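Read the structure below first, then the notes.
Note that this is a predicted model, so its numbers are computed, not measured. Just so we're on the same page: letters track the sequence lines, and every chain starts at 1. Values below: all heavy atoms of this structure, side chains included; hydrogens, waters and symmetry mates excluded.
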There are 2 protein chains.
Amino acid sequence: MSEAKLLFEAFKETKYQVSGHGKRDIQVLKNALQNLDGKQESDIYGNGPIIEEFQTKMAEYLGKEKAVFFPSGTMAQQIALRIWCDDRGSKKVAYHPLCHLEIHEEVGLKELHHIQSILLADKDRLIELEDVSNMDEEVACILLELPQREIGGQLPDYATIESISMYCRNQGIRLHLDGARLFEILPYYEKTAAEVCSLFDSVYVSFYKGIGGVAGAILAGDKVFTDKSKIWKRRHGGDLISLYPYIVSANYYFDENEQRMNQFYYDAIELALYFNSCDSVSTIPLVPVSNMFHVHFQASREEVEPILAELYKETSIGLTGYLKEMTQKSCSFEVNVGNQYARLPKEKLKRVFQLLDKKLRKS
Amino acid sequence: MSEAKLLFEAFKETKYQVSGHGKRDIQVLKNALQNLDGKQESDIYGNGPIIEEFQTKMAEYLGKEKAVFFPSGTMAQQIALRIWCDDRGSKKVAYHPLCHLEIHEEVGLKELHHIQSILLADKDRLIELEDVSNMDEEVACILLELPQREIGGQLPDYATIESISMYCRNQGIRLHLDGARLFEILPYYEKTAAEVCSLFDSVYVSFYKGIGGVAGAILAGDKVFTDKSKIWKRRHGGDLISLYPYIVSANYYFDENEQRMNQFYYDAIELALYFNSCDSVSTIPLVPVSNMFHVHFQASREEVEPILAELYKETSIGLTGYLKEMTQKSCSFEVNVGNQYARLPKEKLKRVFQLLDKKLRKS
């Protein structure tokens with residue numbers, strides 16, 4: 001078996017894991033359905049109380065006129081950008097080089113919508129006002145992802161978002177929020193979701209990251225925008241006869257976990273401190289600004305894999321099931337703190353990192 | 001309240017309904033999950049036993065090399081046609097004027113894929129070999145829908161499908177099956193699904209019509225085709241982290257209802273006889289060739305609505321919740337026979353149609 005596979009297997013065998021909400025198994029859906037009346041009627045192609053009530057709840061939470069439930073963020077965001085492009089009569093949008101639409105969607109935005117992307121900023125840093133104001137291209141829309149997931153979940157100063165928002169309004173450029181992890185950043189900014197969203201024309205949020213649902217997304221904005229999004233949802237094949245399996249689980253876990261985002265944030269800060277106390281380990285950001293961060297080792301994947309696998313066997317606490325090779329001499333993985341952190345035996349956790357530090361020094 | 005609304009309300013109050021499997025409520029999902037182990041792991045972006053095993057099962061059932069689970073038929077079929085167009089280097093496909101892609105998808109095929117549709121045959125009849133062989137246009141693909149839903153679920157002779165299939169193969173035209181109701185037509189043709197599918201290059205089937213699941217679809221074909229379809233599924237936003245709510249219900253109700261298609265078919269023939277015994281009522285087809293048919297009244301919607309509402313109150317058996325205006329002097333509705341037919345008190349059913357006949361004669 002490869003070292004990568006051995007690490008994965010050792011991780012799966014651990015009793016505790018530092019990140020996430022736990023296994024993605026069908027119990028997640030069963031729990032959400034457990035106390036619901038079986039007689040509650042399905043949504044039918046976007047209509048019916050089960051979908052409309054959740055959309056209204058989310059529109060209010062996000063401070064937008066209307067909200068539409070989508071099976072996925074991939075679908076919701078392509079559609080948002082397409083609507084703003086059609087409005088402006090332009091086929092260009094701007095976003096970060098590591099935007100989800102650029103690297104994880106098989107370039108659906110180009111293949112389906114023929115929209116060209118202008119990349120703002122460098123790969124390894126956040127978008128600043130200057131990146132936007134110095135842009136040569138006329139774009140219909142700018143997408144900001146908060147936090148910027150692929151660089152560890154970094155966040156700009158709130159004033160930067162405000163200034164970009166004001167700039168876009170003055171220039172007639174639409175500003176869209178990739179809020180896949182919007183709930184998770186509210187404790188750091190000390191803002192409500194509605195306050196953050198007021199800086200954007202359209203907003204997408206996800207229900208299977210910090211919220212811990214099965215899948216599904218909300219796209220919110222004004223009524224003209226969301227009405228158009230429903231037509232595109234049908235075109236994409238997302239206007240299912242029944243979306244309720246995702247809606248009821250989104251609603252259930254929203255009620256359960258949205259209020260825990262403060263806890264996840266503080267836990268992430270604590271956990272990052274543990275990692276940073278180890279030799280040749282550092283986190284990005286150094287101090288997390290949400291429930292997430294990336295852990296970087298100044299050692300090769302091949303060196304670290306067996307060290308972690310051994311650590312898991314000795315402690316039964318898992319840190320990660322994989323390592324991503326960054327260079328020949330460095331590797332990394334992502335942490336998203338969820339409900340599992342609070343279940344850890346804290347006295348053992350300290351010992352895990354002392355052991356890790358020792359093993360890394362030896363190697 | 002309008003007469004249409006009164007009819008709908010009266011229908012909802014009936015104890016028995018002649019068509020369908022029953023209410024689309026969340027109990028449908030609960031039943032499917034009931035006996036499943038909560039520890040069963042979710043599919044993750046198209047991978048994992050829960051999705052792979054069902055895909056393998058369906059590929060075998062349909063006699064195709066590979067099958068891919070999709071959230072919707074809308075998505076699956078646009079993608080199938082796009083793949084065949086790209087293969088052939090053409091942007092034209094041909095199908096019936098009342099094809100789902102033409103009338104129910106907000107022209108996603110054109111808006112997202114820039115594919116032009118050539119309409120075969122007249123609206124009110126089936127596609128024949130001559131419609132195909134007389135076509136002036138060079139198309140990449142022809143889509144056949146079996147049964148042709150919008151004209152009552154009519155079916156061509158099996159020899160017609162065979163001849164169209166042979167013609168397409170000789171001409172290098174791909175043949176795609178819209179098999180939204182494929183399971184439902186097998187008793188009439190006395191063929192297996194694999195036998196029917198062998199005449200087509202690609203096949204879509206649905207799990208919430210005769211099968212009675214929550215939602216979801218399978219697209220099947222050879223591996224080169226299905227591999228491409230997975231890339232397009234991601235582009236469309238259909239490659240969800242978890243599709244299992246639809247997969248487990250599709251699997252559960254497939255096992256339950258696929259074997260009942262014979263029964264649904266015979267029940268439909270019996271039920272159509274009842275309708276045809278009434279004054280100014282006729283069905284299309286006159287003798288059903290699947291579990292479905294359309295009921296036509298030679299009377300205006302405004303005349304028939306109160307008659308049906310009254311009938312439901314007197315008998316507590318519901319025939320339809322709506323009427324579609326065809327002309328000023330005719331209206332219709334669709335019947336899809338499912339599990340509810342077997343639950344009807346048969347002695348009462350005869351009486352319902354005697355009463356209906358009487359009421360229609362009086363009006």
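- In this structure, NE2 on B:His104 lies 8.5 Å from OH on A:Tyr45, to the nearest 0.5 angstrom.
- Most heavy-atom pairs under 4.5 Å with chain B: of the set A:Gly237, A:Gly108, A:Gly38, this distinction falls to A:Gly38.
- For B:Ile44, the part lying under 4.5 angstrom from a heavy atom of chain A is the side chain only.
- Inter-residue side-chain proximity for A:Tyr244 and B:Val28 is flagged as met; some heavy-atom pair is nearer than 4.5 Å.
- Contact of B:Gln34 with chain A is made through the backbone alone, with heavy-atom distances under 4.5 Å.
- Residue contact with chain A, scored on non-hydrogen atoms closer than 4.5 Å, involves the side chain of B:Ile50 exclusively.
- Note that the CD atom of B:Glu105 and the NE2 atom of A:His236 stand 12.5 Å from one another [nearest 0.5 Å].
- Using a 4.5 Å cut-off between heavy atoms, A:Gln78 contacts chain B through its side chain alone, with no backbone atom that close.
- Heavy-atom minimum distance, A:Arg235 versus B:Leu112: O-CD1, 3.4 Å.
- For the residue pair A:Arg234/B:Thr74, the side-chain donor-acceptor check at 3.5 Å is not satisfied.
- Looking at B:Asp37, the atoms closer than 4.5 Å to chain A (heavy atoms on both sides) all sit in the backbone: N, CA, C or O.
- Options A:Glu106, A:Gln27, A:Met75 differ in how many heavy-atom pairs under 4.5 Å they form with chain B, and the most are formed by A:Glu106.
- Scanning both residues, A:Lys30 and B:Leu33, for their nearest heavy atoms gives CE-O, 3.1 Å.
- Looking at B:Phe70, neither its backbone nor its side chain comes within 4.5 Å of chain A, counting heavy atoms on both sides.
- Distance CD1/A:Ile26 to CD1/B:Ile247: 11.0 Å, rounded to 0.5 Å.
- Rounding to the nearest 0.5 angstrom, the gap separating the OH atom in A:Tyr246 from the CG atom in B:Leu240 is 4.5 Å.
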